[in-house]
Amino acid sequence: MGRITLDKVRKAFGEIEVIPPLDLTIEDGEFVVFVGPSGCGKSTLLRLIAGLEDVSGGEIRINGKDATNVPPAKRGLAMVFQSYALYPHMSVRKNIAFPMKMAGVPQDEQDKRIAAAAAALNLTDYLDRRPGQLSGGQRQRVAIGRAIVREPDAFLFDEPLSNLDAALRVGMRMEISELHKKLATTMVYVTHDQVEAMTMADKIVVLHAGVIEQVGSPLDLYRAPRNKFVAGFIGSPKMNFIEGAEAAKHGAHSVGVRPEHLAASPSEGTWKGTVGVSEHLGSDTFLHIHDTGLADTITVRVGGEFGLHHGDTVYLTPQLDKIHKFQADGLRIE
Ligand code: ADP
Ligand code: MG
């Protein structure tokens with residue numbers, strides 16, 4: 001069981017309130033991602049759950065029991081960090097065994113858990129190597145293995161893939177998702193990368209300056225962002241925002257249109273502009289359009305092969321049912 005409840009939890013460092021009182025429930029078995037820009041309080045929130053920081057107020061409950069003052073080792077949670085924090089002089093086997101040794105788990109039980117974790121993480125052939133003889137991705141898998149053998153009620157991950165190169169990150173993202181399906185254990189995962197959040201989460205918690213902006217499934221957040229912050233943070237390339245007379249036509253202070261919800265044509269459409277930089281990704285092209293009189297740049301996604309070039313005139317047409325409307329304070333208008 002791994003149900004975690006935060007009840008008016010707040011955190012201040014000295015005079016500075018990094019997390020104002022915050023409520024959140026993480027259900028047993030859920031994959032929850034905390035996402036937000038650097039410095040928004042993601043790690044602090046995770047460390048409060050882990051017990052590595054003391055709360056300045058409020059209550060943390062794990063499986064319904066008050067854990068606010070329970071020491072980290074007794075909370076039944078296992079944390080995986082960006083820096084793998086492996087012992088360099090110990091073999092993979094000994095690194096994975098370490099928390100069980102500390103907890104006095106009998107040797108045969110240790111061996112069983114190591115074998116199972118190694119199998120789940122494709123580490124079986126590497127158990128006798130030292131961390132220095134492994135790739136970054138394998139090292140991170142060892143760190144995850146060390147968490148698995150503790151059989152925690154929940155895993156806490158703090159940007160575990162940030163040290164890996166782009167291709168490895170994609171692979172590890174899928175491995176961690178697979179692992180979640182296999183173990184069916186609660187996972188709380190911190191990242192600044194909205195793509196990781198979108199691809200891995202059952203539930204995303206968007207944080208901004210210590211405040212929860214929105215909680216929802218990836219598609220909830222994509223389809224109905226509660227405010228302009230979430231609208232601009234979730235989705236890549238970013239949503240375009242337009243203010244002024246064009247927004248007023250839609251009864252809004254500003255409207256948002258995602259690049260994938262705009263059609264581009266050389267001859268006809270709603271908004272006229274000039275093609276600036278084109279980013280060719282092969283499958284898609286992102287055109288950056290200027291001189292529309294609506295915003296400095298409007299980004300539009302077109303097919304891989306698109307016959308317009310820098311300086312050409314282009315017409316854009318938004319899908320009207322995909323336009324997001326916001327009021328002056330940034331809140332969504334339904
Ligand atoms: P994130 O993980 O989202 O990048 P953090 O949780 O690390 O953000 O930090 C949130 C804010 O709290 C930042 O402004 C950071 O400078 C501040 N902070 C974090 N830890 C401490 C600390 N031990 N003492 C003082 N300020 C801290
Ligand atoms: Mg952090």
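When a ligand or atom number is given, it counts from 1 through the structure's own listing order. The basis for the numbers below is simple: all heavy atoms, side chains too, and nothing from hydrogens, waters or symmetry mates.
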> Do any nitrogen or oxygen atoms of Gly41 lie less than 3.5 angstrom from nitrogen or oxygen atoms of ligand 1?
Replying inline: yes
>> Any protein heavy atom at under 4.0 Å, with atom 21 (C) of ligand 1 as the reference point?
In response: yes
>> Under 4.0 Å, heavy-atom basis, I'd like to know which part of Thr44 is in contact with ligand 1: side chain, backbone, both or neither.
In response: both
> Does some non-hydrogen atom of Gly39 fall short of 4.0 Å from ligand 1?
Replying inline: yes
> Is the NZ or CZ atom of Arg258 both under 6.0 Å from the centre of the six-membered ring of Tyr222 and within 45° of that ring's axis?
Replying inline: yes
> How about Ser38: does one of its N, O or S atoms come closer than 2.8 Å to the Mg ion (ligand 2)?
Replying inline: no
> So which protein heavy atom does atom 7 (O) of ligand 1 come closest to, and at what separation?
Replying inline: Ser43 CB, 3.8 Å
Side-chain atoms of residues 229-241: list all donor-acceptor pairs with protein atoms under 3.5 Å, sequence neighbours left out, distances to 0.1 Å.
| from | atom 1 | to | atom 2 | distance (Å) |
| --- | --- | --- | --- | --- |
| Asn240 | OD1 | Thr299 | N | 2.8 |
| Asn240 | ND2 | Val257 | O | 3.1 |
| Asn240 | ND2 | Thr299 | O | 2.8 |

> Do NZ/NE/NH1/NH2 and the carboxylate oxygens of Lys182 and Glu178 come within less than 4.0 Å?
Replying inline: no
> Any salt bridge between Arg3 and Glu27, counting N to O under 4.0 Å?
Replying inline: yes
> Going by an N to O cut-off under 4.0 Å, is there a salt bridge joining Arg301 and Glu260?
Replying inline: no
> With a 4.0 Å cut-off, would you call Lys249 and Glu246 a salt bridge?
Replying inline: yes
> What is the closest protein heavy atom to atom 26 (N) of ligand 1, and at what distance does it sit?
Replying inline: Phe13 CD1, 3.4 Å
> Is there a protein heavy atom at a distance of less than 4.0 Å from atom 16 (O) of ligand 1?
Replying inline: no
> In the hydrophobic cluster built from side-chain contacts under 4.5 Å, what are the other members alongside Phe98?
Replying inline: Tyr87, Met90, Met102
> Hey, does Cys40 come in under 3.5 Å of ligand 1, counting only N/O atoms on both sides?
Replying inline: yes
> Below 3.5 angstrom, do we get any N/O pair linking Glu53 and ligand 1?
Replying inline: no
> Do NZ/NE/NH1/NH2 and the carboxylate oxygens of Glu243 and Lys228 come within less than 4.0 Å?
Replying inline: yes
>> Just to confirm my output: which protein heavy-atom neighbour is closest to atom 11 (C) of ligand 1, and how far is it?
In response: Val18 CG1, 3.5 Å
